[in-house]
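Worksheet for the structure shown next.
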Amino acid sequence: MAAGRLCRVFTGCNTHILTGGQSNTGISALLKKHLPVRQFAALKASKKEQKENVKPKSERKTDLNRHKPYGLTAWEPIDDVYRIQYYPKTVHDIETAIDLLKKFQQLDFTYPKQPVYIDLRLDMKLEKKKKVDPFVSIVHLPYGFTTTINRVVVFTENPEEVVAAQTHGADCVGGAELIQKILDDEIQADFYVSVPDMVSKLVPLKNKLRKKFPKSKRGSVGPNIPEMIKLFKTGHEYLVERDCYVLSKVGTLDMPREHIAANVATIITDVCTQRPLSFGPFVERAIICSATSESLLFKVEPFLPQITEDNEEENQNVNN
C-alpha cells in the first residue's frame, strides 16, 4: 500500500515539473467559466455584392472544335468495317441518300418497286408559349407514283355546280339527300368537298367522316369545284402525327433519283408554309428510307425557304 502511494506522489511531481509548475486546471478553467464571451453578428451582403460575387456560368461545350465528338471515338471511321454506335451518324445529300437506298435494295434482293418514305421532325414553337397546331395538307407532286385515282364526293345543291362537278370527274354529287346514304355506308369516298352553303347542313356527318369532314383549312370547302376536284383526285395528302412528326410517302425505288428528290422538295416546301419564316427553320431533322432499308439522315437546308426582303416586310406587317 505504501509503495503504491509513493509511486502516485512521484508521478505527480514529475508532471508538475514538466508543466513549469502550472496546473492544467487553473487558468484555463477560470477563463472558460468567468471570462465573458463576445458574440458578433454576421453582416449580410447586399444584392449588388451578391450579384458581383456570383461566378459566371460555364459556357455550354460544343463538339465543333473537338478532334472527336463528345462521348464517341472520332468524327469519321477510318476502316471499312466499324461499329456504328461509336461514331456520329452521317448526314448525306439527298441524291447520295437515294443512291444508297437503291444500292441496299440490290444487295438485299428486295422488291425493286417498294415505297420510299421521309420522316420530318418539326419545330412547332411560336412566340411566347404558343405552338403550331397539327395540320393536314394536300399537294400536287411533280412526279406521281400511284396508279389509283382518289374517289371524291361533292356536296352542292346548285344545278350548275352539279353539272360542273360531274363534268370534271366527281364520283358522286348531291345535297342533303346524300347524308343518310353516307351514314349507311352506301356511299364511300377518299375525300369529301363542299361549297360553303352546304357545310352547316353536313353536321350529322362529323362523327362519321371525322378527319375527312369538309374544312376550309384543309382546302375541301370552297366555291371553285373544278379546282377542288382536280386537287383531291390526284393530290398527295400528308399530316402531322405525334405532335411534331410528318411521315409521308414520296415515291418508289424504281423511280429516277431526280424524280424522288423533286417530290421531297415539294413536300418540304409545302410544310414550311405552315409557320412564319421569322421563327427560324421549321424542319429540324429529316430522314429518308425505303420499306426494307435502314434510315438515312439527309441535309434539309437546301430545301428550306430563305428569308428575303419581301418576307421580312410581310413579317413586320403581321407583327405590327
Enumerate, atom names and distances included, each donor-acceptor pair closer than 3.5 Å involving a side-chain atom of residues 190-197, sequence neighbours excluded.
from	atom 1	to	atom 2	distance (Å)
Asp190	OD2	Arg151	N	2.8
Tyr192	OH	Ala189	N	3.1

N/O donor-acceptor pairs under 3.5 Å from side chains in residues 105-113, not counting sequence neighbours:
from	atom 1	to	atom 2	distance (Å)
Gln105	NE2	Thr110	O	2.7
Thr110	OG1	Gln114	NE2	2.9

Which atom pairs, one a donor and one an acceptor, fall under 3.5 Å between side chains of residues 97-104 and the rest of the protein, sequence neighbours left out?
from	atom 1	to	atom 2	distance (Å)
Asp99	OD2	Arg257	NH1	2.8
Lys102	NZ	Leu253	O	2.4
Lys102	NZ	Met255	O	2.8

Next item on the list: With side chain to side chain donor-acceptor pair (under 3.5 Å) as the test, would you mind laying out the steps for Thr156 and Asn158 before giving the verdict?
Entry: CA-CA 6 Å; Thr156 180; Asn158 188 327; 5.8 Å; no
Next item on the list: List the steps, then state whether side chain to side chain contact (heavy atoms under 4.5 Å, CB included) holds for Val246 with Asp119.
Entry: CA-CA 6 Å; Val246 172; Asp119 184 359; over 6 Å; no
Next item on the list: List the steps, then state whether salt bridge (charged side-chain N to carboxylate O under 4.0 Å, His left out) holds for Asp184 with Lys208.
Entry: CA-CA 10 Å; Asp184 296 337; Lys208 180 69 175 180; over 6 Å; no
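Hydrophobic clustering places Val162 together with Ile179 (ILVMFWY residues linked when any side-chain heavy atoms are closer than 4.5 Å, directly or through intermediates). In the hydrophobic cluster analysis, where Ile, Leu, Val, Met, Phe, Trp and Tyr join through side-chain heavy atoms closer than 4.5 angstrom, Leu247 is grouped apart from Phe282. Under the 4.5 Å side-chain heavy-atom criterion for Ile, Leu, Val, Met, Phe, Trp and Tyr, Ile138 and Val240 are members of distinct hydrophobic clusters. Note: the hydrophobic cluster containing Val173 also contains Leu183 (ILVMFWY, side chain heavy atoms under 4.5 Å, direct or indirect links). Taken together through direct or relayed side-chain contacts under 4.5 Å among Ile, Leu, Val, Met, Phe, Trp and Tyr, Leu141 and Tyr117 form parts of separate hydrophobic clusters.
Side-chain contact of Ser248 with His236: a donor-acceptor pair under 3.5 Å is present, judged by distance alone.
Proximity of Thr266 to Pro142: side-chain heavy atoms (C-beta onward) are separated by under 4.5 Å at one or more points.
Applying the ring pair (Phe, Tyr, Trp, His ring centres under 6.0 Å) definition to pairs two or more places apart or across chains, those involving residues 237-272 are Tyr143-His259. Among pairs with a residue in residues 224-235, those fulfilling salt bridge (charged side-chain N to carboxylate O under 4.0 Å, His left out) read Asp171-Lys233, at least two apart in sequence or across chains.
For the atom pair Glu177 CD and Glu157 CD, the distance stands at 7.0 Å (nearest 0.5 Å). Atom OG of residue Ser295 and atom CD1 of residue Ile118 lie 12.5 Å apart, to the nearest 0.5 angstrom. Taken to the nearest 0.5 Å, the CG atom of Leu178 stands 4.5 Å off from the SG atom of Cys172. Note that CG of Asp93 and CG of Leu296 are 12.0 Å apart. Values are rounded to the nearest 0.5 Å.
In terms of modelled atom types and a separation under 3.5 Å, the side chain of Ser293 and the main chain of Cys289 share no donor-acceptor contact. With hydrogens and angles ignored, the 3.5 Å screen pairs a side-chain donor or acceptor of Ser220 with a backbone N or O of Lys215.
By the side chain to side chain contact (heavy atoms under 4.5 Å, CB included) test, Pro223 pairs with no residue at all, sequence neighbours left out.
Within 6.0 Å of OH on Tyr82 lie no more than 12 heavy atoms contributed by other residues, nucleotides or ligands. Open room surrounds CD on Glu160; 12 or fewer heavy atoms of other groups in view lie less than 6.0 Å from it. Remark: Asn207 CG is loosely packed, at most 12 non-hydrogen atoms of other residues, nucleotides or ligands lying under 6.0 Å away. Around the CD atom of Gln85, the shell of radius 6.0 Å holds more than 12 heavy atoms that belong to other residues, nucleotides or ligands. Heavy-atom contacts from other residues, nucleotides or ligands closer than 6.0 Å to CD1 of Ile149 number 12 or fewer.
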